[in-house]
**Student:** 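I am attaching a structure below and will ask some questions about it afterwards.
What's counted below: heavy atoms across the whole structure, side chains too, no hydrogens, waters or symmetry copies.
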Amino acid sequence: MSRLTRLAFQIYHRKTKLTPKVNGSFQALTTSTVASSPLARPEVLDTRFTKDVPSYMTDIYTWAYVNPTNVRLLDNQYIVDTLLFFNARVLEREVISRLEPGCKAIQVGHTHGHLVPQAAMKIGPKGNFSVVDVTPIQADHAQEKVQDFPWCKVRLGDACIVENILPKGEVPHDVAYAFMILHEVPDDRKYQIVNNMLQSVREGGRVVWAEYHGPPYWYNPTRYFMPFIFNWLEPFALRMWDTEIESFASENLKKQFTWSKTVYGGNLYQVVVAENRQLSTL
């Protein structure tokens with residue numbers, strides 16, 4: 001690991017305190033949400049955009065995910081491609097490939113770009129597709145993208161509450177997936193979201209995460225500057241460099257799934273798939 005990368009990790013771990021292991025995994029106690037970027041400053045918005053939105057979103061990510069003007073500008077596939085160093089489409093294809101026409105699936109967290117309508121079209125009218133997001137403006141954008149697809153629905157809710165991923169009385173999902181979401185949430189929420197997603201799928205179903213990974217290989221220049229971008233704009237992201245997604249799952253749930261991982265973009269990105277041990281028909 002380079003000196004610059006080690007320095008970035010030292011900064012990150014000074015920001016994050018961990019409790020002792022619970023079910024074999026460390027859990028975050030507190031994580032600093034002090035934004036070090038002019039872009040990431042808190043903003044004053046109409047309460048309809050911030051009502052019940054977690055504080056870390058309004059403290060850090062208002063500029064990207066809460067401010068309606070900025071969201072309208074950033075919700076563009078070409079910007080997504082650029083921000084992910086032109087790896088977005090291969091990651092999206094990997095996620096879409098896990099869906100089948102007629103399946104029941106949920107996307108946890110709306111994402112900018114074309115992923116939501118692509119997933120809706122892949123699932124088709126014989127299936128059932130949901131999107132859940134914690135911010136009103138993101139839920140609104142998701143609704144706009146699926147308004148012509150009656151088999152789709154959008155819920156405003158926090159994925160840290162399992163009923164927002166799988167409402168009571170609803171049939172479990174065939175597929176639950178999240179695209180570049182975990183790195184944006186504090187560590188305690190990573191544990192909650194991963195476990196809630198695992199609990200939401202049927203026997204034989206699968207959970208898919210497209211996420212940051214690392215450190216990138218030595219020849220990948222992102223290895224040397226991304227830690228500082230993370231600390232500047234996305235202070236919870238560096239955790240993805242030293243923690244496997246599997247480790248966020250409780251021991252009991254972890255054992256119920258078969259885990260696989262494929263890396264992309266010179267080890268900067270990963271797609272992790274957790275499949276129930278019962279053979280899936282998908």
**Student:** Determine whether Thr111 and Asp75 satisfy the following criterion, side chain to side chain contact (heavy atoms under 4.5 Å, CB included), listing intermediate values before the conclusion.
**Tutor:** CA-CA 8 Å; Thr111 49; Asp75 194 356; over 6 Å; no
**Student:** In sequence, state the C-alpha distance, the side-chain angles, and the governing distance for Arg277 and Glu203, and then conclude on salt bridge (charged side-chain N to carboxylate O under 4.0 Å, His left out).
**Tutor:** CA-CA 8 Å; Arg277 293 186 184 278; Glu203 292 184 348; over 6 Å; no
**Student:** Any salt bridge linking Glu246 with Lys261? Criterion: basic side-chain nitrogen under 4.0 Å from a carboxylate oxygen.
**Tutor:** no
**Student:** Give the cluster check for Tyr78 versus Leu74: same hydrophobic cluster or not, with ILVMFWY residues linked at side-chain heavy-atom distances below 4.5 Å.
**Tutor:** no
**Student:** When you group the ILVMFWY residues by side-chain heavy-atom contacts below 4.5 Å and let the links chain together, are Met121 and Ile106 in the same group?
**Tutor:** yes
**Student:** Nearest 0.5 Å please: distance from the CD atom of Glu211 over to the CD atom of Gln270.
**Tutor:**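 So the CD of Glu211 and the CD of Gln270 are separated by 7.0 Å.
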**Student:** Verify the ring-centre separation between Tyr269 and Tyr212: is it less than 6.0 angstrom?
**Tutor:**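 They qualify: ring centres under 6.0 Å apart.
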**Student:** Is the closest side-chain donor-acceptor distance between Gln77 and His112 under 3.5 Å?
**Tutor:**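 Gln77 vs His112: no donor-acceptor pair found between side chains.
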**Student:** Assess the side chains of Asp133 and Thr135: does a donor N or O sit below 3.5 Å from an acceptor N or O?
**Tutor:** yes
**Student:** Between CZ of Arg223 and CH2 of Trp241, what distance do you get to the nearest 0.5 Å?
**Tutor:**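 Going from CZ on Arg223 over to CH2 on Trp241, the span is 7.5 Å.
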**Student:** Mind running side chain to side chain contact (heavy atoms under 4.5 Å, CB included) on Val271 and Trp209 for me, showing each step along the way?
**Tutor:** CA-CA 6 Å; Val271 173; Trp209 295 273; over 6 Å; no
**Student:** For Pro172 and Leu166, which heavy atoms make the closest approach, and how far apart are they?
**Tutor:** CA-CD1, 3.8 Å
**Student:** Answer with yes or no whether the hydrophobic clustering places Ile229 together with Phe85; edges join I, L, V, M, F, W, Y residues whose side-chain heavy atoms lie under 4.5 Å apart.
**Tutor:**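 Yes, one cluster joins them.
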**Student:** Can you tell me how far CG of Asn195 sits from OG of Ser250, rounded to the nearest 0.5 angstrom?
**Tutor:**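 Between atom OG of Ser250 and atom CG of Asn195 there are 4.5 Å.
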**Student:** Hey, is Glu100 close enough to Lys126 for a salt bridge, meaning N to O under 4.0 Å?
**Tutor:** no
**Student:** What distance do Leu156 atom CG and Lys51 atom NZ have between them, rounded to the nearest 0.5 Å?
**Tutor:** 10.0 Å
**Student:** Please determine whether a side-chain nitrogen of the Lys or Arg among Glu94 and Arg98 lies less than 4.0 Å from a carboxylate oxygen of the Asp or Glu.
**Tutor:** yes
**Student:** Kindly give the heavy-atom pair with the smallest separation between Val132 and Gly157, and that separation in Å.
**Tutor:**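 Between these two residues, the closest heavy atoms are CG2-O, 3.5 Å.
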**Student:** More than 12 foreign heavy atoms under 6.0 Å from CH2 of Trp259: is that the case here?
**Tutor:**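 Yes.
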**Student:** Looking only at the side chains, is there a donor atom on one of Lys145 and His110 sitting less than 3.5 Å from an acceptor on the other?
**Tutor:** yes
**Student:** Roughly how far, to the nearest 0.5 Å, is the CD1 atom of Ile123 from the CG atom of Asn128?
**Tutor:** 8.0 Å
**Student:** Does the side chain of Glu92 come under 3.5 Å of the side chain of His114 through a donor N or O and an acceptor N or O?
**Tutor:** no
**Student:** So, taking the atom named CG in Asn67 and the one named CZ in Arg72, what distance separates them when rounded to the nearest 0.5 Å?
**Tutor:**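 It comes to 12.0 Å.
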**Student:** I'd like to know whether Glu234 forms a side chain to side chain contact (heavy atoms under 4.5 Å, CB included) with Tyr61, so could you lay out the CA-CA distance, the side-chain angles of the two residues, the decisive distance to 0.1 Å, and finally the verdict.
**Tutor:** CA-CA 8 Å; Glu234 298 189 290; Tyr61 296 118; 4.0 Å; yes
**Student:** Would you say Ile181 and Leu84 are hydrophobically clustered, going by side-chain heavy atoms of ILVMFWY under 4.5 Å?
**Tutor:**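 In one cluster: no.
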**Student:** Using 30° and 60° as the class limits, which term best fits the ring planes of Phe236 and Tyr56: parallel, tilted or perpendicular?
**Tutor:**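 Ring orientation, 0 to 90° scale: perpendicular.
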**Student:** May I ask you to check whether Tyr65 and Glu184 show a side-chain donor-acceptor distance below 3.5 Å?
**Tutor:** yes
**Student:** Taking only Lys NZ, Arg NE, NH1 and NH2, and the carboxylate oxygens of Asp or Glu, determine whether Asp174 and Lys104 approach each other closer than 4.0 Å.
**Tutor:**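 Salt bridge between Asp174 and Lys104, a charged N being under 4.0 Å from a carboxylate O: no.
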**Student:** Quick one: do the Lys190 and His183 side chains pair a donor with an acceptor below 3.5 Å?
**Tutor:** no
